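Here's the structure, in structure tokens; my notes come after.
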2 protein chains.
Amino acid sequence: MPISNCQGDGWWQGKIQECGYRLTAGREAILEVLSKSEGHLSAEEIYMKVHPRCPSIGLTSVYRTLELLAGLGFVFKFDFGDKRARYELAEGPKGANHHHHLICTKCNRVIDYTDFIDEEIELLNQTEKGLSQKYDFKITNHLIQFYGLCNACNEK
Amino acid sequence: MPISNCQGDGWWQGKIQECGYRLTAGREAILEVLSKSEGHLSAEEIYMKVHPRCPSIGLTSVYRTLELLAGLGFVFKFDFGDKRARYELAEGPKGANHHHHLICTKCNRVIDYTDFIDEEIELLNQTEKGLSQKYDFKITNHLIQFYGLCNACNEK
DNA sequence: CTCCTTTTGGTAATGGTTACCATTATCAAT
DNA sequence: ATTGATAATGGTAACCATTACCAAAAGGAG
């Protein structure tokens with residue numbers, strides 16, 4: 001029973017417009033690319049993928065849109081140690097997709113994992129609560145990453 | 001009973017040389033600056049602080065040394081969202097000083113905290129063990145950061 | 001249609017970091 | 001000491017992802 005995604009493709013339309021921004025062709029194309037690609041895309045990779053659908057778009061607009069979406073919390077911006085920023089959609093319409101990263105410091109390979117996520121989130125929530133109070137700091141986000149050597153790099 | 005630190009200032013000498021590297025004046029000066037400054041220094045800030053003691057040193061050598069030290073695990077390299085990398089000594093001779101960061105996304109202020117560190121480390125160790133096995137990944141390091149608004153920025 | 005604001009694309013600039021290379025320092029063996 | 005091989009250094013130029021800038025285009029309100 002393949003659940004068609006036809007009408008759901010634009011779940012972000014409302015979100016964007018609620019915030020007082022316009023849902024332009026470029027922005028929609030970028031969101032679509034993000035939602036259909038497995039994460040970790042750089043700005044230029046996104047630009048390349050968006051271009052066929054939206055040939056008039058410029059790299060500048062890609063950066064601008066990504067910054068906008070990151071500011072709204074729709075997109076996370078990561079630094080995996082190669083020089084370019086990496087972007088991924090925060091989560092799908094169901095709120096799923098939450099994961100953390102294993103990063104190889106030799107080859108920059110990135111592995112997503114969802115194991116242990118529940119325990120991590122549980123602890124993080126407690127920690128956030130405590131830190132918020134003690135330091136009068138409004139926490140909106142967190143970052144957890146593990147660094148090391150992937151199996152390929154470790155064998156050398 | 002002030003414990004003199006005179007002989008301890010060079011606790012890293014052995015470490016560096018054990019790894020087959022020379023303890024040059026520049027490297028020592030950089031390590032000294034790092035150990036005497038409260039963390040979060042950029043390469044250029046380190047360069048400025050090292051310069052009086054070691055006027056001949058070049059910015060290139062600062063970058064080179066920091067990369068070397070980071071590779072050896074003596075120094076952590078962070079990205080706090082301003083464009084420059086930030087460096088801090090991994091830990092003092094006692095192994096103390098371990099902390100995580102609260103980062104304000106408006107003004108880039110960074111707060112170190114050590115609260116909850118024990119629980120975090122406990123969980124992280126478990127997680128690391130599990131992930132190492134499942135993904136055949138040799139974990140050497142981790143990064144935890146919380147993002148949000150500091151009290152000053154939150155009031156606006 | 002007209003006014004005003006938002007959004008856009010192209011180009012030039014920015015700036016932290018790195019590549020490069022000739023020079024110098026260091027250590028071991030003679 | 002002298003040599004020779006290797007490690008380390010400093011200055012400069014290049015790199016390159018990202019941003020600033022600006023004039024043009026698109027969209028909505030009246």
Side-chain angles (χ1 to χ4, degrees), chain A residues 12-13 15-31 33 40-72 74-88 105 108, chain B residues 12-31 33 40-72 74-87 105 108:
Chain A
W12 48 67
Q13 292 184 9
K15 291 270 194 177
I16 293 262
Q17 289 171 332
E18 276 170 23
C19 300
Y21 298 100
R22 295 178 190 159
L23 187 73
T24 63
R27 287 172 180 170
E28 196 161 18
I30 289 172
L31 279 162
V33 163
H40 315 156
L41 295 173
S42 70
E44 188 152 9
E45 285 168 348
I46 293 167
Y47 171 68
M48 300 298 269
K49 292 203 174 203
V50 167
H51 209 253
R53 274 175 234 223
C54 200
S56 69
I57 204 169
L59 182 54
T60 304
S61 288
V62 174
Y63 276 106
R64 244 186 322 233
T65 300
L66 289 170
E67 190 189 331
L68 174 71
L69 295 174
L72 293 178
F74 294 127
V75 161
F76 290 140
K77 181 180 179 179
F78 290 101
D79 168 29
F80 292 150
D82 55 351
K83 310 273 145 171
R84 45 200 55 182
R86 299 279 168 177
Y87 301 86
E88 53 184 69
T105 51
N108 284 319
Chain B
W12 48 68
Q13 292 184 9
K15 291 271 195 175
I16 293 262
Q17 289 170 332
E18 276 170 23
C19 300
Y21 298 100
R22 296 178 189 159
L23 186 72
T24 63
R27 287 173 180 173
E28 195 160 18
I30 290 173
L31 278 162
V33 163
H40 315 157
L41 294 173
S42 70
E44 189 152 10
E45 285 168 349
I46 294 168
Y47 171 69
M48 300 299 267
K49 292 203 175 202
V50 167
H51 210 253
R53 275 174 234 225
C54 201
S56 70
I57 203 170
L59 182 55
T60 303
S61 288
V62 174
Y63 276 106
R64 244 187 319 234
T65 299
L66 289 170
E67 191 189 334
L68 174 70
L69 295 173
L72 293 177
F74 295 128
V75 161
F76 289 140
K77 180 179 181 180
F78 290 100
D79 167 29
F80 291 150
D82 55 353
K83 310 274 144 169
R84 44 199 56 179
R86 300 279 169 177
Y87 301 87
T105 51
N108 283 320

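Owing to the predicted nature of the structure, the values given are computational and were not obtained by experimental measurement. Protein chains get the first letters and strands the later ones, always in sequence-line order, with residue 1 at the start of each.
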Can you check the [X] [atom1] to [N] [atom2] distance for me, whole Å?
X: Arg27(B); N: dT26(C); atom1: CZ; atom2: P; value: 12 Å
X: Ile46(B); N: dG16(C); atom1: CD1; atom2: C1'; value: 14 Å
X: Ile16(B); N: dA8(D); atom1: CD1; atom2: P; value: 10 Å
X: Leu59(A); N: dC16(D); atom1: CG; atom2: P; value: 15 Å
X: Glu45(B); N: dG16(C); atom1: CD; atom2: C1'; value: 13 Å
X: Leu23(B); N: dA7(D); atom1: CG; atom2: C1'; value: 14 Å

With a 4.0 Å cut-off, would you call Arg86(B) and Glu45(B) a salt bridge? yes

Angle between ring planes, Phe78(A) versus Phe80(A), binned at 30° and 60°: parallel, tilted or perpendicular?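 Parallel: the ring planes of Phe78(A) and Phe80(A) meet at under 30°.
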
Please list, for nucleotides 23-29 of chain D, all pairs of protein and nucleotide N/O atoms separated by less than 3.5 Å.
none

For the helix from dC1(C)-dG30(D) to dT30(C)-dA1(D), what angle lies between the axis at the first five pairs and the axis at the last five pairs, to 10 degrees?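 Comparing the axis at each end, I get an angle of 30°.
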
Quick one: on DNA chain D, does Thr60(B) or Ala25(B) contact a more 5' nucleotide (nearest heavy atom)?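 Its nearest nucleotide being more 5', the pick is Ala25(B).
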
For Tyr63(B) and Gln17(B), find the nucleotide of DNA chain C closest to each by heavy atoms; which residue's nucleotide sits nearer the 5' end?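 It is Tyr63(B), whose closest nucleotide lies nearer the 5' terminus.
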
Of the listed nucleotides dT11(C), dT18(D), dA19(C), the one nearest the side chain of Ala43(A):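 Out of dT11(C), dT18(D), dA19(C), the nucleotide with an atom closest to Ala43(A)'s side chain is dT18(D).
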
Looking only at dT19(D), dC20(C), dT8(C), the nucleotide nearest the Arg64(B) side chain is dC20(C)

At less than 4.0 Å, is any side-chain N or O atom of Thr24(B) found next to OP1 or OP2 of dT9(D)? Yes or no.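 It does, given that an N or O in the side chain of Thr24(B) lies less than 4.0 Å from OP1 or OP2 of dT9(D).
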
Assign Ser56(B) to base, sugar-phosphate, or nothing according to its heavy-atom contacts below 4.0 angstrom with the strands shown. sugar-phosphate

Has Thr65(B) got a side-chain atom pairing as donor or acceptor with Ser61(B)'s backbone, closer than 3.5 angstrom?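 Checked: pair present.
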
Does Glu28(B) reach the main-chain N or O of Ala25(B) with its side chain, forming a donor-acceptor pair under 3.5 Å? no

So, with a heavy-atom separation below 4.0 Å from DNA chain C, the residues of residues 78-87 of chain B are Lys83(B), Arg84(B), Ala85(B)

Taking all heavy atoms of Lys49(A) and all of Val33(A), pick out the closest pair and write down the distance.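 Of all heavy-atom pairs spanning Lys49(A) and Val33(A), the closest is CB-CG1, 3.8 Å.
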
